[in-house]
Amino acid sequence: MAAVETDRDAPSALCSEFLNFSAKDTAAKWLQVSNLPKEVYQHLACYVPKIYCLGPNLNPQNEDLLAPLLLQSPLEWYLCGEEPSVGLAKLEQNNQPSQLCGHVFKVGEPTYSCRECAADPTCVLCMQCFLGSVHKEHRYRMTTSGGGGFCDCGDTEAWKKGPYCQKHEPNISDSSQKDPLANLSDEMIARTYNVFSIILKYAVDMLTWEKEDELPEGLEPPARGDTYYCMLFNDEVHTYEQVIYTLQKAVNCTQKEAVSFATTVDRDGRKSVRFGDFQFCEQAKSVIVRNTSRQTKPLRVQVMHSSVVAHQCFALKALTWLGQIIRYSDALRRILCQVGLQRGPEGENSSLVDTLMLCDSKMWKGARNVYHQLFMSSLLMDTKYKKLFAIQFAKNYRRLQTDFMEDDHERVVSVTSLSVQLFTAPTVARMLITEENLMTTIIRTFMDHLRHRDLHGHFQFERYTAQQAFKFRRVQSLIGDLKYVLISRPTEWTDQLREKYLEGFSAFLELLKCMQGMDPVVRQVGQHIEMEPEWEAAFTLQMKLTHIISMMQEWCSSDERVLIEAYKKCLSALTHCHSGFTDGEQPITLSMCGHSVDTIRYCVSQEKVSIHLPLSRLLAGLHALLSKTEVAYRFPELLPLSELSPPMLIEHPLRCLVLCAQVHAGMWRRNGFSLVNQIYYYHNVKCRVEMFDKDLSMLQAGASMMDPNHFLMIMLSRFELYHIFSSADCRKRYNRENANKDVVQQNNTLIEEMLHLVIMIVGERYTAGVGQVECFDEIRREIVHQLCIRPMAHSELVKALPENENKETGMERVIDSVALFKKPGVTGKGLYKLRPESAKMFNLYFHHYSRADQSKAEEAQRKIKRQNGEDSVLPPPVLPRFCPLFASLVNILQCDVLLGILGAVLQWAMEPSGGHWSESMLQRVLHLIGMGLVEEQQHLLSSAEDNDTNFNFTLKISRPGEAPANTPSILALLETLQNAPHLEVHKDMIRWILKTVANIKTTRECTASAPPSDSSGHSQEETVRDKDKAERKRKAEMARLRREKIMAQMSEMQRHFINENKELFQQSLEELDPSTSSTLEHSPSSCDSTLFCVGPRRWRAGGSDRRQVVTCILCQEEQEIRIDGKAMVLAAFVQRSTVMSKNRKRPPHNPDKYDPLFMHPDLSFGTHTGSCGHIMHSHCWQRYFEAVQAKEQRRQQRLRVHTSYDVENGEFLCPLCECLSNTVIPLLPLTKTSCSSEQPDLSQWLNITSLQMKALLSAHRKAKAADADGVDDMDGVNDCPPPDGFKLDYTPKNPYSSTIKEMLTTFGTATYKVGLKVHPNEQDPRVPIMCWGSCAYTIQSIERLLVDEEKPLFGSLPCRQDDCLSSLTRFGSACWTVSSHATVQNHFIRLLAALVPDPRVENTPCILDIDMFHLLVSLVLSHPAVFSLDSSGLSADTAQLYFLHLVTVAHIVQILLSSVPEEVQMEQESGGAEREEEEKVCMFYNTLRTHLGSGLREVDSGWHLWCCVKAGILPYLRAAALFFHYLNGAPAPPELHTLGVGEWEALCGYLCLPSNLLQLFYNNRELMEPVLHGWCSHPGVLQGLQSSVALIRFPRESNHLIELPGDYSALINQASSFTCPKSGGDKSRAPTLCLVCGAMLCSQSYCCQSELEGVDVGACTAHTFACGAGVGIFLRVRESQVLFLAGKTKGCFYAPPYLDDYGETDQGLRRGNPLHLCQERYRKIQKLWRQHSITEEIGHAQEANQTLVGIDWQHL
Ligand SMILES: [Zn+2]
Ligand SMILES: [Zn+2]
Ligand SMILES: [Zn+2]
Ligand SMILES: [Zn+2]
Ligand SMILES: [Zn+2]
Ligand SMILES: [Zn+2]
Ligand SMILES: [Zn+2]
């Protein structure tokens, strides 16, 4: 950067001055002076600019050294009066620390809150305190901190129980509140006072300083140069990208630098982007301003003189220093508080603390954070000053909030966010209410900021601009503050508190008045509404206020006088609002069934109606409280009951409910979605408590004060149904109204809704105060009704229940009494199931059911009843009794108007057709009748007590109708309907009603006949009850007997049936048994007792076994697999893998140069092939793939949609199962081989082979030399004649058909391309190597998987893997035919040379560096290319066997060299059987030692060595057995189909090896000795043994995913201390854990992006390429979410292995229940990884959820 030139090399010039400086002397001098502030300022003026801001970097290293020395040290000397380290230590010793923990939370740190003991959810503990507290045994909530806020441990107000952890437990001896200043000397106090006031003032001056080029008085620097900073400030308007782009232009920096600038600006709030002379900086400023002023307001930039910036830097340091110093002593802290709050010369609100607060919005982020921190560690930690500070905060409240509205920073960096720390402390909050009238202040401030009103004074959100919406969001934080203030209810009231609370309540009523009737709607007729009106703002407000309204009521309920006053105020506010509710509306008179009432003419469908009625609803709530607290009965004279006008009270809530009904009936369709949404939220769990529920309460309150007939008539009129029921011939509706079908339909729905409303008004008694219920009855009933729909998970239930302000539903207290918990399996959630006995509470017309819920619940309940063999009728449940204030509501059931309505509907139902009544209408009528009967039964049961039996429903329904006269009675109608064929579904209910009526009649007759007398009243009732009970019991018993009899009959019949058809059953059982049928297939067809899979004596397929016929999934044609037939292919997916890697640090290979011929034993990168096992014709597949390609091209042209697969990379989905695939494997038949009788022994064979190799090698070199056109200078190689029968110039004929050849090339090229990450090139010599490697790697990984899953080697693989392995190996043995033969022969020569050292072959690795199984597979699969030249009668099988022998010996040597552990502590337990092996292995080991000398430790225990060999070589033998099994098709012996003993012998036998493997060496000793010598003399062996890098040990352990802690919060804690590795100590926003290697990464962030193959990728994607060859498994710690990544474009989220106690995961950590590791689920993820299914899983997830496809996974 250009600025560097002006950087002065200052420190050296000042060095001597700094060295001579003495803090002690300076402090001594200060003690003498009279004007200390002036002196200190001079000191600062002199030194601060010499230390700070000397170059472009604002905070160079030397500041950290110099500032403490030159600036802080003299202050500390002065303060202590002695060596600071000594003085401060003394202070600390004398200090009696307060019991507050006060730990300030870092972003992302875990916080804990006790759901049982916390005063409110903002009370939290840090992890340390939590673990030492009683709450860890309670029900707690865990969250991650957003930063800011501190631990409340020790705050007695914050906890109902257990306020202290073990560490902060106070000493009881001196718990009395002592003044901390008491044990400080007066001089010390005075000195501290001096220092603190000077330094705090200095800091405040500098941080609030606004001049760019000048300094406050006394701070002017001795010399000033022309050095400036161009300072860029943060705002929330411009995006990261805009800032980066602008900076690149303005200050000519690179993109990287610009990103770093932008990051710092975002973090600290400001950053110097240029340093130099004024001109230079001014220029940059103007470019930035010009570039960003076009659309929005420009970025804020200032050109500031370096000395100003220097002092500001030190001011921040000084505040931090203050924060540190006060930690030594509570006394110092108190002095600082005193200094801070001391009133300044300007009078009120002029203390330093006030100044800081009032300038908050002008400061940059970094400065705000520093001083907020200081406030938290000083003012908020001192109980005395916390209150004083709270008062100042409240005094400034209005101003601070107004500043915040204009501030463009988030709330977390605003001083207003401190409200949570102050207002949630109950004593502070109450003090602020009484002394500062805080409630009123908050509410008034809120009203001030919502200025838009309509003509009627309602809030108006209609023409909301973005600016206003932004403001509206900010204002909502005021509601949050109000909530904090109200969160804890007072237990004791003072007169002052009453007065101020009621004042606040009045202010709140003013607020509600502005909402009463806002956003009214008018029904749209004719045309559809043009523009959806704004509705969300009003509902947001309602939602935010819901808790406040509830809390207001709770406060009122805790004091009688407050409740009475509040009720009066609310009533008068409501009356005021609706004083003119009859205005312009005509009065009318309704009359029906001999009753009449006056009301007004009003139609919801024609006039304005509003959903927002908070005043009415608040009054409804208070009314219920009058009843609940019994104030209504104790002080009726104090209540304005006479002023109540019930019709006025019910009017608006009723309109609102009618609106819902009409919307339901489809009358408001043209009003669009905004109305539908409003109705939805009106009933939604988030709003209903203070909306729908309260409207219902209000109707109940109003109706309880009215004549039920009058009430119902008004209701009918509002429902616009009055005309139907009032007419004389209403029972003949079907005759009159058949004109308009739509209208009939509409009216039917309205009648249904109206009946439902009546059911609710009479039946909803679970609100305390309305019915006689306990506080948990309501929630219990909610839960029962949710679970009546279906069993539910804990979180589903929580979502369905309303939460209180503490985010508690109260569910835990009652759930176990009504439900049983069922634990989850490996997937799914834990579920609660309703206890059968709780089902009797079920009410089909439960008021919180939606129609869908209702029908689901009905169906579920009927089903359960039927399953239990009961009658499926669902009668109304027995209800609790009403409270006296609401008792008259039951009379609605027996009033004339309702009976008239019921009778009319029943009459209509006589007529089967016509559509003038509906099933649900009838169902509701029957339910109402049922309710009446249940009510009467209840009255009869309790009649003895109150002697008030004027509820006689049976009598009323037995009377004939009055108008028109002599119509049949309801009972008569029911009796008729009982037999109506069209009412089949309602029969059970009608039957139940008639039976109940009969029962009641009997009871009444009994009561009537027995003379009622006081003494016998009780027993009378009891006898009735007993009789009832006895009757029920008898019936139940009879039912049980009947059931048993039927069951017995049925089982008898069954037995009989089975006996008769015995044979049939036997047969079908056998067919079902899988073992009988499958053994046939697996058992060897030849009855030979020994089975060999390799060698000349190996098992050979007969003709019929070889014939294999398969079906193409695309064309459904059958096809035989033949060498010369049509190619059949298997959909396959090839991927790179590091699953078995033992060395994740190995850098990725250079794909162009890498020679993959020898696999290193660390298996660091492999190529895995998998398949879904679906078979197609090659031509069918090609056609399919071309179609996919074409479709994809069209799709991309239209719009860039991503898919879950990348066609350009050859990917496609299996047409049958949609499994992700990227190539196909051809299916090949078993090769035919014949066995010639006589085969050479190993040494002969090796002789012949080496002669062949010699000849081949020389021929190759010759050809190469000829190619290069050079002189033939390799004389030695020329004279190597080929042995007999070996034809060097022979080119074998390719036996395969052309389509098979094509497919061989296709799959080979795909493996090469994917495995090496290179462009396809079928000519590349590495193609066959990659194919052999993939074959070996895949077999090895499956061998591991079988071990890990504890499954036998054979017989347990699913078909698809079986097919995949067999085609993969057979392909491996055929792929040489499509490569250059010379190339393959050359590979073979090099491979063989590693086994049989050959001096002519160069660059052979030593045997420690070779994975032996890969070597074996490559040798076997490359051999045919050499073998094809041979016609001497050798057998390929012999060669395979000898390869196996040699590689096995080499592997034994490798194991003995690398894997013999040092300590031998094992008990020797061998019998005699293995003595021979032990002797031989000892001998062998000693031979090795003679070759390698001191490189190898001495080991005497042969038993021990043999154990090592056996354990180490087993995986290799198992893999070899799999390999030869699939290659040669030999069936495996039964011992290998099971787990357990005998595996070793069976394996050796199957592989044609002696079980004493050492015989392989000793039987051919002469031949093997030189070979062994050759291996050991390779320089690499000795190097490897002596190297510090540990050798790979055998057996290689299976890799695991990392260990995870049992408790999730341990992970959160770990992640919260993780800092971004690239931005110096910053917290990472999305810390993400690699589950493969345990690395923590800074994901999803600019800071840690890096470039990968030309694309910017996030830390996770970059990591996958190093750690997982492109595949990654991560845990996003903050989100509690598993992330799968594959390549740069694929990914998905996966359920984390952590569950809460309810068996549920918590993705996003929203619920905060404690989470614990579920091992089964974690093992499932591990299994996905080990079987290479991560990519497949992603594919399925993306296919199932298309939104996953659009995510930019590479940025994570
Ligand atoms: Zn703590
Ligand atoms: Zn603590
Ligand atoms: Zn607790
Ligand atoms: Zn086909
Ligand atoms: Zn498939
Ligand atoms: Zn980072
Ligand atoms: Zn990793």
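Both counts, for ligands and for their atoms, begin at 1 and track the order of listing. What you are looking at is a predicted structure, and each value in this text was computed from that prediction instead of being measured.
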Charged N to carboxylate O below 4.0 Å: is that the case for [X] and [Y]?
X: Arg333; Y: Asp382; value: no
X: Arg1730; Y: Glu1349; value: no
X: Arg1122; Y: Asp1124; value: yes

On the 0 to 90° scale, with breaks at 30° and 60°, tag the [X]-[Y] ring pair as parallel, tilted or perpendicular.
X: Trp1181; Y: Phe1185; result: parallel
X: His1168; Y: His1732; result: parallel
X: Tyr112; Y: Phe130; result: parallel

Looking only at side-chain N and O atoms, does [Y] offer a donor or acceptor that is under 3.5 Å from a partner on [X]?
X: Ser1334; Y: Thr1169; answer: yes
X: His103; Y: Gln128; answer: no
X: Ser1137; Y: Tyr1337; answer: yes
X: Ser1178; Y: Glu1302; answer: no

Handout entry: SG (Cys1112) to the Zn ion (ligand 4) to SG (Cys1115) angle, given to the nearest 10 degrees
Key = 100°
Handout entry: Nearest to the Zn ion (ligand 4) - the N/O/S atom of His1177, by atom name
Key = ND1
Exercise for the section: Count, excluding waters, the protein N, O or S atoms that are closer to the Zn ion (ligand 5) than 2.8 Å. Expected result: 4
Fill in the blank from the handout: Distance filter < 2.8 Å from the Zn ion (ligand 2), protein N/O/S hits 4
